[in-house]
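In what follows, residues are counted from 1 in the order of the sequence shown.
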Amino acid sequence: MTMDITSTSGPLAEIAFRNSIEREPSHTALNNLAWILHLKEQHREAVPFIKQAIEMEHASYSSWDTLAVILYELEKYTAAHTAVDKAIS
């Protein structure tokens, strides 16, 4: 039996992504950790992870989308709108 670690916001997923980032950071792991933190309503903590993901892979629409959602939750609507534009361009 396998577990899709990205489908849960539980502590196991968060720990796994944090360990992965420590060993070998990737934009995917950073984006997924930021999303998990978003699901836990830890938006401010998620920001540095998603920004690092975008720095690593500027063309990643999923990272821009994650950033947009997080910025929206932080009531930074103009910045969220800009991030959405980058996600769909």
Side-chain angles (χ1 to χ4, degrees):
M1 181 166 119
T2 61
M3 182 174 105
D4 180 6
I5 201 161
T6 62
S7 68
T8 180
S9 62
L12 179 60
E14 183 177 347
I15 290 167
F17 285 119
R18 286 185 187 275
N19 288 339
S20 174
I21 291 164
E22 279 184 28
R23 284 191 314 273
E24 187 175 341
S26 72
H27 79 277
T28 302
L30 288 159
N31 179 66
N32 289 343
L33 178 56
W35 188 255
I36 288 168
L37 293 172
H38 154 70
L39 293 175
K40 293 172 62 177
E41 298 184 5
Q42 296 176 352
H43 303 105
R44 291 194 197 297
E45 185 181 346
V47 170
F49 293 108
I50 195 56
K51 285 188 173 183
Q52 187 179 354
I54 290 169
E55 286 175 16
M56 292 180 80
E57 186 61 48
H58 192 74
S60 172
Y61 72 89
S62 61
S63 293
W64 284 108
D65 178 66
T66 299
L67 178 61
V69 171
I70 291 168
L71 290 172
Y72 179 85
E73 292 296 335
L74 292 171
E75 298 181 0
K76 297 183 180 209
Y77 302 119
T78 302
H81 186 271
T82 301
V84 167
D85 285 345
K86 290 184 183 270
I88 62 175
S89 64

H58 vs W64 aromatic rings, parallel, tilted or perpendicular, using cut-offs 30° and 60°?
-> perpendicular

Closest approach of [X] to [Y] (non-hydrogen atoms, all atoms of both residues):
X   : Y   : result
H27 : S60 : CD2-OG, 3.8 Å
S63 : N31 : CA-OD1, 3.4 Å
A46 : A34 : CB-O, 3.5 Å
A80 : Y72 : CB-N, 3.7 Å

Sorted by chain and residue number, the side-chain contact (heavy atoms from CB on, under 4.5 Å) partners of I15 (sequence neighbours excluded) come out as N19

Given the rule in the side-chain contact (heavy atoms from CB on, under 4.5 Å) test, do V47 and L74 qualify, once you have shown the distances and angles that lead to the verdict?
-> CA-CA 10 Å; V47 170; L74 292 171; 3.7 Å; yes

Please lay out, stage by stage, how L67 and I54 fare under the test side-chain contact (heavy atoms from CB on, under 4.5 Å).
-> CA-CA 9 Å; L67 178 61; I54 290 169; 3.6 Å; yes

With side-chain contact (heavy atoms from CB on, under 4.5 Å) as the test, would you mind laying out the steps for Y61 and I88 before giving the verdict?
-> CA-CA 7 Å; Y61 72 89; I88 62 175; over 6 Å; no

Of I70, I50, L30, V69, which meets side-chain contact (heavy atoms from CB on, under 4.5 Å) against W35?
-> V69

Out of curiosity, [X] [atom1] to [Y] [atom2], how far, rounded to the nearest 0.5 Å?
X   : Y   : atom1 : atom2 : result
N32 : F49 : CG    : CZ    : 12.5 Å
L71 : H81 : CG    : NE2   : 13.0 Å
L33 : Q52 : CG    : CD    : 10.0 Å
L37 : K40 : CG    : NZ    : 6.0 Å

Just by modelled atom types, is the S62 backbone N or O under 3.5 Å from a matching donor or acceptor in the T66 side chain?
-> yes

May I have all residue pairs that pass salt bridge (Lys or Arg N to Asp or Glu O under 4.0 Å) and include part of residues 17-28, sequence neighbours excluded?
-> E14-R18, R18-E45

